[in-house]
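In what follows, every chain begins at residue 1, and chains take the letters A, B, ... in the order their sequences are listed.
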Amino acid sequence: MTDQIAADRLPKLDKLAEAGIPSYPPRVPKPVPIASCLEGFDDRHGEKVVVGGRLTQIRDFGKLRFSHLLDLGGSIQIGFQRDRLPEFWPNRKLVEANDQVVIRGELGVTQKGEPTIWADEVILATKALRHPPEKWAGLQDVEARYRMRYVDLFANPEVRETFVLRSRIVREIRAYFDGLGYLEVETPMLHPVSGGATARPFVTHHNALDMQLYLRIAPELYLKRLLVGGMERVYEVSRVFRNEGISTRHNPEFTMLESYEAWADYADIMDRVEGLFAHLCDTVLGGQSKVSFRGAEYDLRPPFERARYLDLFAEANPGVDWFDEASVLARAKELGLKTDGLPLPKIANDIFEETVEDTLRGPVFVHDYPVAVCPLAKQSPEDPRIAERFELFVAGMEMGNAFSELNDPQDQERRFAEQLVHMDEETPSEMDVDYVSALEFGMPPAGGLGIGIDRLAMLLSGSDSIRDVILFPLLRRVDASAPPAEESADAPQAEPAP
RNA sequence: GGGGGCGUAGCUCAGUCGGUAGAGCACCGGAUUUUUAAUCCGAUGGUCCCAGGUUCGAGUCCUGGCGCCCUCACCA
């Protein structure tokens, strides 16, 4: 890991000062993107341009020097000639690989036809005190890549591309929902009552109000309050926090899209999801629809396959009745699943996850879940055991979750109470009575949706790990000055009050 | 939290049976007006993750710790 300034670079600062060249000038001429210089290059020889970026790969030939200049959108060869740069030439070695420079020059080609900017003026924009990573292999060390993402980004072009892609995904998600008349809103991240999902929350404390607060595990209950308030179509691109394990698919903070639409049901939301994926194919993927992920190819162009939860369950577990205790317990034992103290629906759903989820290549909508595993979804009018809920699976990963939103306040209160009976560290510790009150004012029938943006970005960029689509994934701190984990006066991690 | 793997120069990596710490790139000096992983000559560069232990001798073996990766569990 690079944790020392390259000793040979410090003396350069003095030499630059002696030469009257500022190492960190407050302003430099504004460059144009390198990509724009390369457009129609053949007809533009002799044109003067100003480009800027990081200098790489210097190649010296006595009175001639070549290098490349890298900016976000591209790179181009820079040619330095002694005769064109009489003032700069004696100081040329003070400007090195990794420095940020601005080049004023003329478009042209070399003898071998390489597009080149022949420099007329070289302006040091920022002196770099550290060496660049190895020019051929780049930065490979996984830990260093995550801890020093800023190096990873300029050293590894595919990393830049992935994060540009992620940005486009988020932009196009916004464009899609904006186009449907949705309002983008912001709801609290600090929740007095943790809810909207089953997950362990991060606990914190507000001093002035002397109040325990939770970082949100989902924005759901606030967004639905907005439906009560008459905001008929809302969405939020929301960072959520779950105090749980870290893996290639999990980061303690991650980004979810949640959307809610009045006068819609879960079937309408399926259309929305398909519409969204079609939009992403058209825009982000440039009309393509096939992505390759973890060694397999997936076609993201709708329509998507549909399968009923209980049909998939029956197929994978012949003779097992999801709703029958003896049958479920026997099957769970057979699969070696934990059953002690767990409510029956939880066990049955574990069987589903164990036997079905990994096999779902998709994209596929799994729909009509047993109501017992959907505390916020509306019951089916045809079958009271079933909730109007679906999840979207691709490559065995849950990508989205949606339902016809439960808006019966008394039913909601019963479901919350039911959850509290089987309380564990992941279920909400108390009932969100304010949410139930909100429903008592009347929430229009609505369909809601949650989509994991990080996993979507993994799929669209072909990234195996969630850390490859999160700029700064959570890592343990390594500095010696770290405070002990146990002591943190301002943030007691006590159990939630009853 | 369990299991497996890894940690050596700024970067990418070798290091055999326990016997003087290595290469390429980068960097520094020199040559070079057409390279683009430039080339050639020369030089510099080490807390072998940390702390103990075994040993005449440890990068190598043992114990403990730290960090990261994979995997299982939990979860989205």
Side-chain angles (χ1 to χ4, degrees), chain A residues 1-9 11-12 56-69 75-84 93 96-98 108-116 118 128-148 151-152 155-156 196-200 217-218 240-258 336-338 346 350 353-354 357 391-393 396-401 424-426 450-456 458 464-467 473 475-480 482:
Chain A
M1 184 146 325
T2 311
D3 47 15
Q4 286 181 339
I5 289 174
D8 52 278
R9 294 216 164 190
K12 297 272 169 57
T56 63
Q57 295 181 31
I58 292 169
R59 307 176 287 280
D60 242 324
F61 296 88
K63 302 185 186 70
L64 174 70
R65 154 179 279 206
F66 290 109
S67 179
H68 268 78
L69 190 71
S75 79
I76 191 168
Q77 177 163 269
I78 308 294
F80 306 81
Q81 292 168 298
R82 186 191 61 176
D83 300 341
R84 282 181 89 105
K93 294 205 167 175
E96 307 168 277
N98 226 19
V109 289
T110 61
Q111 289 174 9
K112 298 217 169 139
E114 172 85 7
T116 299
W118 297 105
L129 296 182
R130 301 203 192 205
H131 292 157
E134 214 272 342
K135 66 184 173 189
W136 185 239
L139 186 67
Q140 296 295 320
D141 181 81
V142 180
E143 180 178 356
R145 287 185 43 222
Y146 295 153
R147 289 198 190 276
M148 299 194 292
V151 177
D152 193 27
N156 297 317
T198 53
R200 290 185 70 170
I217 57 172
V240 299
F241 307 86
R242 298 188 182 179
N243 203 341
E244 286 167 352
I246 296 178
S247 79
T248 52
R249 298 169 205 212
H250 302 89
N251 194 63
E253 55 178 303
F254 64 102
T255 306
M256 246 193 349
L257 164 81
E258 285 206 11
L337 296 174
K338 212 175 81 177
K346 163 79 173 148
D350 286 348
E353 289 178 4
E354 180 72 18
E357 282 196 1
E391 294 197 313
L392 174 66
F393 284 89
M397 276 198 308
E398 183 190 334
M399 304 292 301
N401 181 21
D424 60 31
E425 58 196 3
E426 287 181 1
I451 287 182
I453 302 280
D454 312 86
R455 289 182 174 180
L456 186 61
M458 287 170 70
D464 285 349
S465 170
I466 197 168
R467 294 183 203 92
L475 299 174
R476 213 177 287 270
R477 61 190 289 177
V478 287
D479 46 320

**Message:** Suppose we define a pair by two distances each less than 3.5 Å, Watson-Crick or G-U wobble; what does B:G1 pair with here?
**Reply:** B:C72

**Prompt:** Between A:T248 and B:U71, is there a side-chain N or O to OP1/OP2 distance below 4.0 Å?
**Reply:** yes

**Closest non-hydrogen atom pair between A:S67 and A:T56, with its separation** = OG-O, 2.7 Å

**Asked** Of all the nucleotides listed (B:U36, B:A76, B:G67), which has the minimum atom distance to the side chain of A:T198?
**Response** B:A76

**Message:** Taking only the P atom of each, what is the distance from B:A14 to B:A9 in whole angstrom?
**Reply:** 12 Å

**Item:** For A:G396 against A:R249, the heavy-atom pair lying closest together
**Value:** O-NH1, 4.1 Å

**Message:** Please give the distance between the P atoms of B:G19 and B:A26 as a whole number of Å.
**Reply:** 32 Å

**Message:** Taking 4.0 Å as the cut-off, does a side-chain nitrogen or oxygen of A:R130 come that near to OP1 or OP2 on B:G10?
**Reply:** no

**Any strand: nucleotide that pairs with B:U63 via Watson-Crick or wobble, under 3.5 Å** = B:A51

Enumerate all atom pairs, one protein N or O and one N or O from nucleotides 2-6 of chain B, separated by less than 3.5 Å.
none

**Asked** Rounding to a whole Å, what distance do you find between A:E114:CD and B:A37:C1'?
**Response** 14 Å

**Asked** Which nucleotide sits closest to the side chain of A:P133: B:C68, B:U34, B:C11?
**Response** B:C11

**Message:** Among B:U12, B:C68, B:U34, which nucleotide has an atom closest to any side-chain atom of A:L139?
**Reply:** B:U12

**Protein-nucleotide distance (A:D83, atom CG; B:U34, atom P), rounded to Å** = 13 Å

**Asked** Taking the nucleotide of RNA chain B with the closest heavy atom to each, which residue, A:K63 or A:Q57, is nearer the 5' end?
**Response** A:K63

**Request:** Measure from the side-chain N and O atoms of A:R242 to the backbone N and O of A:I217, and report whether any donor-acceptor pair falls under 3.5 Å.
**Result:** yes

**Prompt:** What integer number of Å spans the P atoms of B:A21 and B:C50?
**Reply:** 16 Å

Enumerate all atom pairs, one protein N or O and one N or O from nucleotides 23-31 of chain B, separated by less than 3.5 Å.
from, atom 1, to, atom 2, distance (Å)
B:C25, O3', A:K135, NZ, 3.1
B:C25, O2', A:E134, OE2, 3.3
B:A26, OP1, A:K135, NZ, 2.9
B:C27, O2', A:D8, OD1, 3.2
B:C27, O2', A:D8, OD2, 2.7
B:C28, OP1, A:K12, NZ, 2.6
B:C28, OP1, A:E96, OE2, 3.0

**Asked** Hey, does A:P133 have a side-chain heavy atom less than 4.5 Å from the side chain of A:V151?
**Response** yes

**Asked** Could you give the CG-to-C1' distance, from A:N243 to B:A76, as a whole number of Å?
**Response** 15 Å

**Request:** Measure the distance from CD1 on A:I466 to P on B:A76 and round it to the nearest whole Å.
**Result:** 12 Å

**Asked** For the residue pair A:L69 and A:I78, what are the closest heavy atoms and their distance?
**Response** CB-CG1, 3.8 Å

**Request:** Using the P atoms only, state how far B:C25 lies from B:G18, rounded to an integer number of Å.
**Result:** 32 Å

**Message:** Main chain of A:Q57, side chain of A:R59: is a donor-acceptor contact present, judged purely on distance under 3.5 Å?
**Reply:** yes

**Request:** Rounded to whole angstrom, note down the C1' distance from B:G29 over to B:U47.
**Result:** 29 Å

**Request:** Would you check if the side chain of A:D454 reaches a backbone N or O of A:T255 as a donor-acceptor pair within less than 3.5 Å?
**Result:** yes

**Under 3.5 Å: donor-acceptor pair, side chain of A:T116, backbone of A:V109** = no

**Message:** Could you tell me how far apart A:N251 (CG) and B:C69 (P) are, to the nearest whole angstrom?
**Reply:** 11 Å

**Message:** Between P on B:U33 and CD on A:Q77, what's the gap in Å once rounded to a whole number?
**Reply:** 16 Å

**Prompt:** For A:R467, which contact category applies under a 4.0 Å heavy-atom criterion: base, sugar-phosphate, or nothing?
**Reply:** sugar-phosphate

**Request:** Kindly confirm whether the side-chain ring of A:F254 is stacked on the base of B:A76, judged by centres under 5.5 Å and planes under 30°.
**Result:** yes

**Message:** Tell me the closest heavy-atom pair linking A:T248 and A:M458, and the distance in Å.
**Reply:** O-CE, 3.7 Å

**Item:** Gap in Å between the two C1' atoms, one belonging to B:A73 and one to B:C61, rounded
**Value:** 34 Å

**Request:** Could you give the distance separating B:C70 and B:G57 at their P atoms, to the nearest angstrom?
**Result:** 40 Å

**Message:** Side-chain N or O of A:R82 versus OP1/OP2 of B:U33: is the shortest distance under 4.0 Å?
**Reply:** no

**Counter-base of B:A38, judged by Watson-Crick or G-U geometry with both distances under 3.5 Å** = none

**Residue pair A:P115 / A:Q77: nearest heavy atoms and the distance that separates them** = O-CB, 3.7 Å

**Request:** Pick base, sugar-phosphate or nothing for A:S67, based on heavy-atom distances below 4.0 Å to the nucleic acid.
**Result:** nothing

**Message:** Are A:R467 and A:V142 packed together at the side-chain level, in the sense that at least one heavy-atom pair is separated by less than 4.5 angstrom?
**Reply:** no

**Complete:** In whole angstroms, the gap separating P of B:C49 from CZ of A:R147 amounts to 17 Å

**Minimum heavy-atom distance between A:A97 and A:I58, given as atom pair plus value** = N-CD1, 3.4 Å

**Message:** In this structure, how many angstroms lie between the C1' atom of B:C40 and the CZ atom of A:F61, rounded?
**Reply:** 12 Å

**Item:** 5'-most by nearest nucleotide on RNA chain B - A:G62 or A:R59
**Value:** A:G62

**Message:** Could you identify the nucleotide paired to B:C25, looking across every strand shown and requiring Watson-Crick or G-U wobble geometry with both distances under 3.5 Å?
**Reply:** B:G10

**Request:** Please state the C1' separation for the pair B:G46 and B:U8 - nearest whole angstrom.
**Result:** 8 Å

